[in-house]
Amino acid sequence: MDAPAARPLGHDTHEVTNQPPPYGGENAWTGDALLRSAVAREGAAWVEARAHALGALVAGEHLQTLAEQANRHTPELRTHDRYGHRVDAVEYHPAYHELMSAAFGAGVHSLAWTAEREGAFVARAALNYLWNQGENGVACPVTMSFAAVHVLRNEPALALEWEPKILAETYDPRPLPIMEKRAATVGMAMTEKQGGSDLRANATRAEPAGGGDYVLTGHKWFCSAPMSDGFLTLARTGKDLSCFLVPRSLPDGTRNRFLIQRLKDKVGNRSNASAEIEYDGTWAHRVGEEGRGIPTIIEMTHLTRFDIVVANAGMMRAALVQALHHCEHRSAFGRRLVEQPLMRNVLADLALEWEAATLLAFRLARAFDRHADSRERLLGRIVTPVAKYWVCKRINAFAVEAMECLGGSGYVEESPLARLYREAPVNGIWEGSGNVIALDVLRSIAKEPACVEAFFAEIAEAAAGEPRLAHLVDALKADLADAGALEVRARRVVEEMAVALQAALMTRHAAPAAADAFIATRLEGDWGACFGTLPARVDCGQLIDRARARA
Ligand SMILES: Cc1cc2nc3c(=O)[nH]c(=O)nc-3n(C[C@H](O)[C@H](O)[C@H](O)COP(=O)(O)OP(=O)(O)OC[C@H]3O[C@@H](n4cnc5c(N)ncnc54)[C@H](O)[C@@H]3O)c2cc1C
């Protein structure tokens with residue numbers, strides 16, 4: 001009997017139609033006119049070549065495949081070697097190492113410190129925004145290494161040894177003493193079982209061992225990127241807390257006593273390991289003044305909080321781009337989704353939220369650049385927690401809505417939206433959870449009342465020409481002046497501060513129609529409880545086109 005004629009492999013039962021083509025990987029820098037204008041306005045147009053290269057990388061298929069692999073094949077803890085020796089190693093999929101090489105090789109962690117020119121923080125923020133469209137787990141060691149530089153400068157001898165390795169634009173995962181490394185990463189370990197937000201509860205003890213060295217005993221309940229080369233940590237010297245650097249390797253080449261007990265099984269952020277660790281006779285060097293551990297390490301969290309604001313704006317962009325791509329190519333009920341009036345309302349509303357978050361992030365970055373100017377320093381002090389609180393709240397609803405734009409295809413692991421959705425809540429928890437951040441705003445105001453003046457001065461010009469914003473400013477001033485139950489009202493006040501500043505930035509820099517839609521909805525309340533509830537008079541097409549505008 002003759003064999004049946006060979007038929008091509010594939011679907012014999014149906015044709016595949018009405019599916020969007022694979023996302024084309026448009027350069028995330030050149031494809032984002034709003035980003036480019038914000039970066040140029042805030043003083044870092046010179047980052048063009050780096051941003052162009054990174055924009056191509058993060059949107060490319062290769063990096064997206066690495067991101068998918070590194071999050072599917074999660075890190076594993078190996079406590080002992082085959083002979084029973086303790087090794088405390090975390091083993092990562094090769095994709096993770098390649099991602100680390102890409103991020104650190106691009107200077108995403110270091111450009112703010114190495115560029116030595118006007119706009120360095122804005123330039124680095126552009127890289128961070130772009131990187132967070134590629135992969136978010138690696139963003140954790142990137143951010144911690146960036147922020148650690150500032151704290152280590154408290155100890156010039158340590159900074160001399162560590163800083164050139166941290167700032168190197170390369171990645172060296174070898175477990176070696178710092179002097180033998182080509183590059184180093186630094187993490188931080190503060191949170192203990194009995195308290196994370198309230199660091200005063202830290203119980204780890206530090207005994208002096210001579211020459212600024214100490215020996216630590218205790219534990220940390222969360223310690224991310226545990227294969228970093230060093231960790232900034234808190235421990236008690238006497239009754240007060242001091243800040244320490246714990247190196248993973250000792251100068252003689254042996255490993256420090258840094259015992260990894262387990263890895264957390266996390267909701268998202270899965271490519272990045274987060275460990276529970278114990279210090280048991282662990283060698284450490286003090287950083288900063290004895291007994292001033294919290295003020296010393298809090299400088300690091302000020303920078304990581306800033307980074308989170310920028311990261312969330314980047315994540316909003318990533319989610320929006322996927323939603324737009326799908327809706328441009330998918331049809332239902334005889335029309336492309338992007339042409340359906342109700343879907344246009346959803347996409348336009350998301351675009352407004354992303355634009356306001358991006359303007360806020362890059363204005364904040366400029367405040368870090370101009371730290372020497374006291375008004376900018378005060379502005380950075382107060383806007384960092386205000387913006388951290390707000391964009392971390394908005395990203396969750398944003399990610400869900402963007403996912404829904406893809407229908408069922410958004411809810412499967414092959415879609416980048418699944419990863420973004422699971423990643424979204426973590427930025428609102430670490431580096432200070434919502435309530436703690438809202439209370440930090442009140443604390444900043446109490447400590448440096450001039451912060452409030454700097455804040456209102458930033459909004460004044462826009463408010464002078466926009467009565468609806470002026471009305472909110474008056475209400476906010478009254479709210480802040482009323483000390484009664486201010487703590488209970490903290491979230492509400494911080495939310496209003498964030499929206500007022502976003503409205504001022506939209507008034508100054510966005511198209512008039514976009515600023516008007518933002519103010520009508522977010523300030524005046526002509527809006528529903530979900531995205532996609534812009535009033536019918538809003539020109540959604542114009543807002544969507546702004547999000548699609550290329551340079
Ligand atoms: C994935 C991941 C990785 C992490 N990596 C690290 C790391 O590398 N290093 C590190 O040190 N930590 C790390 N953390 C820990 C993180 O910083 C803490 O979980 C966070 O600061 C909250 O502390 P907590 O878990 O002890 O919660 P708690 O402090 O118990 O807070 C619980 C809730 O109570 C609220 N709350 C606290 N105080 C008040 C108050 N006065 N009024 C009202 N509400 C309040 C908080 O906002 C929060 O919602 C990580 C966490 C996660 C999820």
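Numbering of ligands and ligand atoms starts at 1, following listing order.
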Any Asn269 heavy atom less than 4.0 Å from ligand 1: no
List the closest protein heavy-atom neighbour of [atom]: residue, atom name, distance to the nearest 0.1 Å.
| atom | value |
| --- | --- |
| atom 21 (O) of ligand 1 | Ile429 O, 4.0 Å |
| atom 18 (C) of ligand 1 | Thr191 OG1, 3.9 Å |
| atom 8 (O) of ligand 1 | Ser224 N, 2.7 Å |
| atom 36 (N) of ligand 1 | Val436 CG2, 4.0 Å |
| atom 29 (O) of ligand 1 | Ser197 OG, 2.5 Å |
| atom 13 (C) of ligand 1 | Phe222 CB, 3.2 Å |
| atom 47 (O) of ligand 1 | Ser433 CB, 3.2 Å |
| atom 7 (C) of ligand 1 | Met188 O, 3.5 Å |

Taking 4.0 angstrom as the limit and counting only heavy atoms of [X], give me the atoms of ligand 1 inside it, by number and element.
| X | result |
| --- | --- |
| Gly195 | 26 (O) |
| Cys223 | 7 (C), 8 (O) |
| Met190 | 10 (C), 11 (O) |
| Ala189 | 11 (O) |

Atom 32 (C) of ligand 1 within contact range, any protein heavy atom under 4.0 Å: no
Atom 5 (N) of ligand 1 protein-contacted (non-hydrogen atom, under 4.0 angstrom): yes
Nearest candidate to atom 45 (C) of ligand 1, where distance is taken over non-hydrogen atoms, out of Ile297, Leu234, Asn435: Asn435
Results of ring-ring contact (aromatic ring centres under 6.0 Å, His included) for His73 - residues two or more places apart only: His93
When you measure from the centre of the six-membered ring of [Y], is the NZ or CZ of [X] closer than 6.0 Å and no more than 45° off the axis?
| X | Y | value |
| --- | --- | --- |
| Lys477 | Phe456 | yes |
| Arg491 | Trp390 | no |
| Arg257 | Tyr279 | no |
| Lys264 | Trp221 | yes |

Please say whether [X] places an N or O atom under 3.5 Å from an N or O atom belonging to ligand 1.
| X | value |
| --- | --- |
| Val426 | no |
| Lys266 | no |
| Leu439 | no |

[X] and [Y]: side-chain donor and acceptor closer than 3.5 Å?
| X | Y | value |
| --- | --- | --- |
| Thr237 | Ser242 | yes |
| Thr74 | Arg270 | no |
| Glu135 | Ser271 | yes |
| Glu431 | Thr304 | yes |

Ring centers of His285, Tyr214 separated by less than 6.0 Å: no
Gly291 to Asp240 - nearest heavy-atom pair and separation: CA-CB, 3.7 Å
Thr204 side chain vs His219 backbone, donor-acceptor pair below 3.5 Å: yes
